[in-house]
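Below is one structure, written out as structure tokens; the observations come after it.
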Amino acid sequence: MKELAKTTAWQRFAQAVEWADRHAGHLRILPAAGLQVDLSAQAWSPDLERAAAGLLDEQGFDQARAALFAGGIVNWTENRPAWHTALRSAEPPPGAAEEVLAERARMRGFVEQANSANLYRNVVHLGIGGSDWGPRLTLEALGSDTNRRTVRFASNIDAHAIEGALAGLDPHDTLIIVASKSFTTAEPLANARCALRWLSEAGVERPHDHVVAVTANRKAALEFGVPESQIFLLWDWVGGRYSVWSSIGLPIALGLGLDAYDQMLAGAADMDEHFRSAEPPQNAPLQMALAAVANRSVLGFGSLAVAPYDARLANFIPWLQQLEMGPLGKTATRDGSTLDVPAGIAVWGMPGTDAQHTFFQWLHQDGQGAPVDFILCAQPAHDLDEHHRMLVANCLAQRAALLRGKSYAQALEENRAAGLDDEQAGLLAHHRVHPGGRPSTLIVMPSLTAHSLGALLALYEHKVFAEGVLWGINPFDQWGVEFGKALAQSISRQLDDPESLSAEYDASTAYWIRELAGR
Ligand code: F6P
């Protein structure tokens, strides 16, 4: 494979980015599945649009996207599809339809039966990573006091998490969901054993009847004691980060209702259709990916800040961290050679306006700063108009300030107008200079609903897929995480038996294994 930076397509793209307008000279708002994605504050020019088309051709974008939707082997290091689009389609494609529809119907049946029999006032969902963030984010974003059930989450192996999740619940009226695609992950299994003890100690006669498993490993769930009728399946072609669209979404259906669950799938399916059919210049996920590649690989930004101006979306940030940083934190390309342009983006953030009082100073005046994704709902779910007006004003103001900046001459003028003498005005003006021209994207949701949330998540999923194609890396594997998991298992064994400490560890790790063993 030709090295990316040496291709003519890349060189044209990089040059066009350097020369493009970065001060929102063009209004560029792309409607997508009910959302509006404003890319006006990202680099753009007609030349860049042409260069981007060349890069997409060079990297085989059309073929890769077709393969994604057709269930082709897009996860080539693990030799499998990443077919999450099939999970949310009203009419899943033939290769997946039978199993997807069957599991969907089984899950529905379970929820309907629980509802009609008034079962399980409480649900405790035990998963981690992709088996946790999607449902957790959704319940936090869309949950309210009128929910049918209390739904809690515990993911961490730190027992404070499971203790907190179970505290105060009536074990006789609680359903435990063990969500683990592999059913071998240490955290959900340890937490599930803890929950089973809690059920038994409270006198629940058949504790396993209160447990549901969502997994691709039916055998392991059966061995764990989960009744067969309470095992819901997903498949190896569902990546963990994309599993909220499978039965991993069960707590959404139990907590928010089946309609909400269906609406969320519909929102994502609408975004799929947009991504599949919109022309590149109007294709929101694709344009976000091109902006990300321009910002990372050409303009040199190492991270992306995310600021949802909606407190309900706080968990969108960790959800996005795992979506972006799992897939793109790597440098090996398809033929094994090392990618020769910087790729992979660290994602961080906080809801506005808290973020403004926490780290926005750095965004405004650091020597480099970071691009920002702003997310805003046009219509809130409360009646406090003044609050919403201030929220909107703050979001737009921060974005405008990052874009506009302030020159030395402007700062000097302001200082003089404020009555400072020439010396003070000149000195202080240096501190009040803002470079401006900082890229950002603004996503406006009509309101936060199951449909718009589904569309938002799918928007970013496709953005990440397109970034992977543009860089030529596989966004669906995560060998780094697997490496760490394997080491944790071996250290866990050695903490039990430090005498058998193998020589594989560095001096510091070996010291702490001996020091902390048996505690
Ligand atoms: O963090 C790595 C990972 O494998 C994720 O991909 C996955 O979502 C998570 O662990 C949990 O895995 P599982 O669903 O198999 O328990």
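What you see is a predicted model, and the numbers here were worked out from it, not measured in a lab. Start at 1 and go down the list; that is how both ligands and their atoms are numbered.
- Of the N and O atoms on the side chains of Q42 and N295, at least one donor lies less than 3.5 Å from an acceptor on the other residue.
- Between H84 and Y242, the ring planes lie parallel to each other; the angle is under 30°, not in the 30° to 60° tilted range.
- A salt bridge links K330 to D477: at least one charged side-chain nitrogen sits closer than 4.0 Å to a carboxylate oxygen.
- For the residue pair H462/D272, the side-chain donor-acceptor check at 3.5 Å is satisfied.
- Within ligand 1, counting atoms from 1 as listed, the ones closer than 4.0 Å to a heavy atom of I128 are 8 (O), 9 (C), 11 (C).
- Within 6.0 Å of CD in E482 there are more than 12 heavy atoms belonging to other residues, nucleotides or ligands.
- Nearest protein neighbour of atom 15 (O) of ligand 1, counting heavy atoms only, is S182 OG, 2.6 Å.
- The pair E461-R88 counts as a salt bridge, with a side-chain nitrogen and a carboxylate oxygen less than 4.0 angstrom apart.
- Distances below 4.0 Å separate heavy atoms of V481 from the following atoms of ligand 1: 1 (O), 2 (C).
- Set against the non-hydrogen atoms of T185, the atoms of ligand 1 under 4.0 Å away are 12 (O), 13 (P), 15 (O), 16 (O).
- The contact set between ligand 1 and Q478, taken as ligand atoms under 4.0 Å from a residue heavy atom, comprises 2 (C), 3 (C), 4 (O), 5 (C), 6 (O).
- Atom 10 (O) of ligand 1 has K485 NZ, 3.6 Å as its closest protein atom, hydrogens excluded (heavy atom only).
- Close approach of ligand 1 to G130 (heavy-atom distance below 4.0 Å) involves ligand atoms 7 (C), 8 (O).
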